[in-house]
Each structure stands twice: as structure tokens, then as C-alpha cells.
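To start, the structure itself, in C-alpha cells.
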Amino acid sequence: MSNNKSEFVQTLVERGFLHQCTDLEALDKRAAESVITSYVGYDATADSLHIGNLVSIMMLHWLQQTGHRPIVLMGGGTTKIGDPSGKDETRQLLTDDRINANISSIRETFTSFLSFGDGETDAMMVNNADWLDELAYIPLLREIGRHFTINRMLTFDSVKLRLEREQPLTFLEFNYMILQAYDFMELAKRHDCVLQMGGSDQWGNIINGIELGRRAAERELFGLTTPLITTASGAKMGKTAAGAVWLRPERYSPYDYWQFWRNTEDADVGRFLKLFTILPMDEIARLEALEGSEINDAKKILATAATALLHGEDAGRESAETAEKTFVSGVTADGLPTTDVPRAELEGGIAVFALLTRVGLTGSNGEARRLIKGGGARVNDVAVSQETAEINADAINDDGVIKLSAGKKRHALIRPA
RNA sequence: GGAGGGGUGCCUGAGCGGUUAAAAGGGGCGGACUGUAAAUCCGCUGGCUAUGCCUACGUUGGUUCAAAUCCAACCCCCUCCA
């Protein structure tokens, strides 16, 4: 590792971000000599990014921390076409308003990891709709299309796999790589961006951008990808009960986010600490060495550090405290998700299954009833035995709330109002 | 344009007139064991205040006491030929 001259490359390598790079040596040299500008592209189909995007976000963070300038590219233009790689033919196309709302929501997430501004190493967020919207077909073909040979495009994995498996590949999709390459070239011209980073699945697209930059703009560009992060047992990261683990608090509460990291598999702790926290490497080495049940301490540190990074120091600490109360002391913690229920309604008596659904622990009354039948539902930590059991104001505990639980890990509070 | 094959629950994928809310696996949830881990084992996995009712097997009609299953038209997908 010591043979890397730049702090940037050094950091990426030792923390495990590096999967492939077009020319690591040259990039390293460049980063050691001067400030470089680099970007990662993100989709704007949802109002929040998810855990799967976190690796690249962290990479941008380190880029800035090591003295360079990050660009967050929002795919406002490409989103308008709709990503054809999904299987949903009937996917709804998003309106401009929706896309812009998504982008501003996503921007909030980035402010936790990057500092934006006008300085030399300040981050900027750009939208590819700014240039893609104005593209004219014939000029595009003449200026860009001539640099792409079908022969070469056919050799890319994304295309090749489809063809080999005899699955359809639409012209739209075929053009995606061209648009993405165009983005890179455009950013190179506008902002002197020399490096595109992304997940390993983006390798082909990144290469195309580099090629185009060289041919059409005569610039030397670099590409770098991160490994696909899976858990030690091979599962894709970030898929849980409710679906994706989102980064925006409206979608996924800080407490749940903390829990997500707390439940990391033993074998992943060290790797995740390096990737998803900014703890110093020697500290991580110490935590990684913990064995047996002691590794739980490392998981707590991981959870608190990762939550603090995204949602702020306070949220990290509060989540840790809530977890401590809930799991260790067995005390009702007020940091749990809380739902207000009118006092009068409570006094009249409400079925437990209805409440479970109301606070969001279950998705339907039927699911709640099954949970009760399976013995997984508890009120104030006492198992509910009757499927149709009702509770009333008597269930309000000393803390003035009613605690509902689905299984051992998922809890919610009811507050009379 | 011609000839075949197919569209099933979150996903993959059986069923091909009643015993089918629909096999099996995956995923998910819950339980046991643990360390809020992994592995393993067990249960659950459409909705509804519910011994019942209502929706569901591409869409719409039809045959039948009875249809995911048979027929017709339509939509979509795939393969081969042109």
C-alpha cells in the first residue's frame, strides 16, 4: 500500500473500495500532484437513495477528504426515459416535477457526507437533464455516434449477456451507454472532471465514457469501480423486511438504520467498518480482532458511527441509547417509533391486531393475527395469547405509553393523546 | 405475414374440470438455540373484527351444477420460418 503516492488512492485501497481501475498508477500520480475532479452518477427514480448507493457515497466523501473535488451527477435526464433494464414494462414514467422533487430530497443525504460550495474542493451537484434535454439527434449521431462502433458495443457484458441469452435488448437500452458516456465527456468539458467512479456493474459504461473522452474531446480520463458489496453469507446488501434500507429518515428511521448495522454478521464487521465509517484504521483493526460475543461491541460502534455519519451525532447516540434501554436494560425507551392514539379510543378498547397494524409493525390485520397466533406479538413485553385480544387504557404502563412488539427486535410505542 | 410455445401469488415455477387461497423452492416474518450474529430446526406467508365473507391464476365474454384448468376474441411475450 505504501507504494501509492496519493492519499486518495491510498485510502481507497486500504479501506477496500477498489475493485478495478483503468490506470491506477497514472491516476495515483495525478491525484498526488494536483486536485482532481471526480463524479458518480445516481438515478432519480426515488426520493431517496439506499444502502446500495452508500459505498460510492463514501468514496466521494474520501475523495473530498483527501483534497479533491466531488461531483454528484443526478440522472434527471436519463430518468425521464425510464430505466429499461428493469422487468416492469408498465413502469410509470416520472414527471419533471417528481424528478426534481426526488433530486432535492436526495441532495439532503449528500449534505451529510460532502460539503458543498464554490471552493476548489467543494462538492457540486449537477443534473444531466441540463445537457441531455437539449441534445439533437442528428448532431448527436454525427459528433458522438461516429466514435462508437457497433462491433465494440457488442462486446460489452451488458449487451453480450443479453444477446447470448437471447433476451431482447431495445434500441433505447442500447443507447443508454452512449448517453452515459456523453455525460462523462460533458463533465470533463464543463468541470474538468477526469474520473468517474461507480459500482462494478458500471465498468462498461465508464469505459465508454473514457473512450469517448479520448476520441471526441482528446482528454485522458480515468475510471474506477467498487466491488459489489454482499454480506458474508452471500446475500445482496440492504434488502430487509420492508424492502430496501433507505437513507432518508422519512423512509427509514435513524433507529432502524442503527439496528440494521447492529445486526451485521460477524464476518462482515471489519469490512463494513472500513467502508461505512470514518473511524481510523488502527481503531478498526482493534475492533476487527474481537471475537465471540465481544464482537457485539464492535457492531455497536459500527452502528453508532454509521448512523451518526448519515443522520448526525445526536441521532447516532440516541439510537444507541434507545437500543441499550430496549435490549439490555429492558426499559421502555422513548426513542422507539411512536404513534398517537386518542385516549377515548383506547378507553373503549382496541383489538391488539388492529393496533399492531396501526403502528406499522404489521402490514395488515391478517398478518397481525398470524403474528399473534405464532406467538410473536407482545404488549408491554407480555406475549399476547388470544388472537382477538383487546386492550384498553389499563395497558398504559408507568411511562405513560403502551409498548407493542413484533418479535424480539421490532418495537413501537402507543401514546395516548 | 406464416407455424408453434407461453402469460399463475413478492420471485422462480408446478397444476391443466371439482379434494385449489392454488405443489415445490427462494425470499420474508415469527418461534427454538445463541451473542439483537451466522448455521440449523419448527411454524406462518391474499384481504376483511372472520366458525363466515370477499378478491385472485394476462383481458373480456362463453360452455358447465362446478373453470387457473375447456371454448372464443383480444392484448402482451418467446421460438422457428418469411
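Heavy-atom basis, side chains included; hydrogens, waters and symmetry copies ignored. Numbers restart at 1 for each chain; the letters A, B, ... are given by sequence-line order, proteins then strands.
- Toward the 5' end of RNA chain B, the nearer of the two residues Trp258(A) and Arg378(A), judged by each one's closest nucleotide, is Arg378(A).
- Straight-line distance from the CG atom of Asp268(A) to the P atom of rA37(B): 14 Å, rounded to whole Å.
- The residues Arg358(A) and Glu345(A) are annotated as salt-bridged, a charged nitrogen and a carboxylate oxygen being separated by less than 4.0 angstrom.
- Thr332(A) places none of its side-chain heavy atoms less than 4.5 Å from the side chain of Asn380(A).
- Atom pair Lys408(A):NZ and rU34(B):P shows a separation of 10 Å (rounding to whole Å applied).
- Straight-line distance between the P atoms of rG35(B) and rC42(B): roughly 23 Å, to the nearest whole Å.
- As judged by a 4.0 angstrom heavy-atom cut-off over every strand, Thr362(A) is placed among residues making no nucleic acid contact.
- Ring planes of Phe113(A) and His61(A): perpendicular class, angle over 60° (limits at 30 and 60°).
- Rounded to whole Å, the separation between the C1' atoms of rG6(B) and rU59(B) comes to 16 Å.
- The nucleotide whose nearest atom lies closest to any side-chain atom of Asn365(A) is, among rC48(B), rG46(B), rG35(B), rC48(B).
- Here the side chain of Ser364(A) is nearest to one of rC48(B), rU36(B), rU34(B), namely rC48(B).
- Proximity of Lys409(A) to the phosphate of rA37(B): a side-chain N or O atom is located under 4.0 Å from OP1 or OP2.
- Rounded to whole Å, the P atom of rG4(B) lies 34 Å from the corresponding atom of rC10(B).
- Of the candidate nucleotides rG31(B), rA37(B), rG30(B), rA37(B) has the atom lying nearest to any side-chain atom of Asp266(A).
- Looking at which nucleotide of RNA chain B each of Arg370(A) and Arg262(A) is closest to, the 5′-most match is held by Arg262(A).
- Separation of the P atoms belonging to rG47(B) and rU55(B) is 16 Å when rounded to the nearest angstrom.
- Nucleotide rC29(B) is matched to rG43(B) when pairs are restricted to Watson-Crick or G-U wobble geometry with both distances under 3.5 angstrom.
- Pairing for rA67(B) is absent, with no Watson-Crick or G-U wobble pair whose two atom distances lie under 3.5 Å.
- With a 4.5 Å cut-off on side-chain heavy atoms, Leu140(A) and Tyr182(A) count as touching.
- Within the 4.0 angstrom heavy-atom criterion, base atoms lie near Gln259(A).
- Nucleic acid contact for Ala354(A): none, since no nucleic acid atom lies under 4.0 Å from a heavy atom of the residue.
- Look at CZ on Arg369(A): it is 15 Å from C1' on rG46(B), rounded to the nearest Å.
- When Watson-Crick and G-U wobble pairs are counted only if both distances are under 3.5 Å, rA73(B) pairs with rU59(B).
- Counting only heavy atoms from C-beta on, Lys299(A) has its side chain closest to rA37(B) among rA37(B), rA50(B), rG31(B).
- A cation-pi arrangement is absent between Arg262(A) and Phe327(A), since the terminal nitrogen or guanidinium carbon is not both under 6.0 Å from the aromatic centre and inside a 45° cone about the axis.
- Out of rU36(B), rU34(B), rC29(B), the shortest distance to the side chain of Leu371(A) is found at rC29(B).
- When the P atom is compared between rA24(B) and rG15(B), the two are found 14 Å apart, to the nearest whole Å.
- A heavy-atom distance below 4.5 Å is not found between the side chains of Thr277(A) and Leu309(A).
- As the counterpart of rA38(B), no nucleotide is assigned, since no Watson-Crick or G-U wobble pattern has both distances under 3.5 Å.
- Summarising the base pairing, rU79(B) is matched to rA3(B) through a Watson-Crick or G-U wobble pair whose two defining distances lie under 3.5 Å.
- Rounded to whole Å, the C1' atom of rU8(B) lies 7 Å from the corresponding atom of rA68(B).
- With respect to Asp47(A) and Arg251(A), a salt bridge is recorded, a charged nitrogen being found less than 4.0 Å from a carboxylate O.
- Distance noted for atom C1' between rA38(B) and rA32(B): 16 Å (whole Å).
- Here the separation of rC78(B) from rG58(B), taken at their C1' atoms, is 15 Å to the nearest Å.
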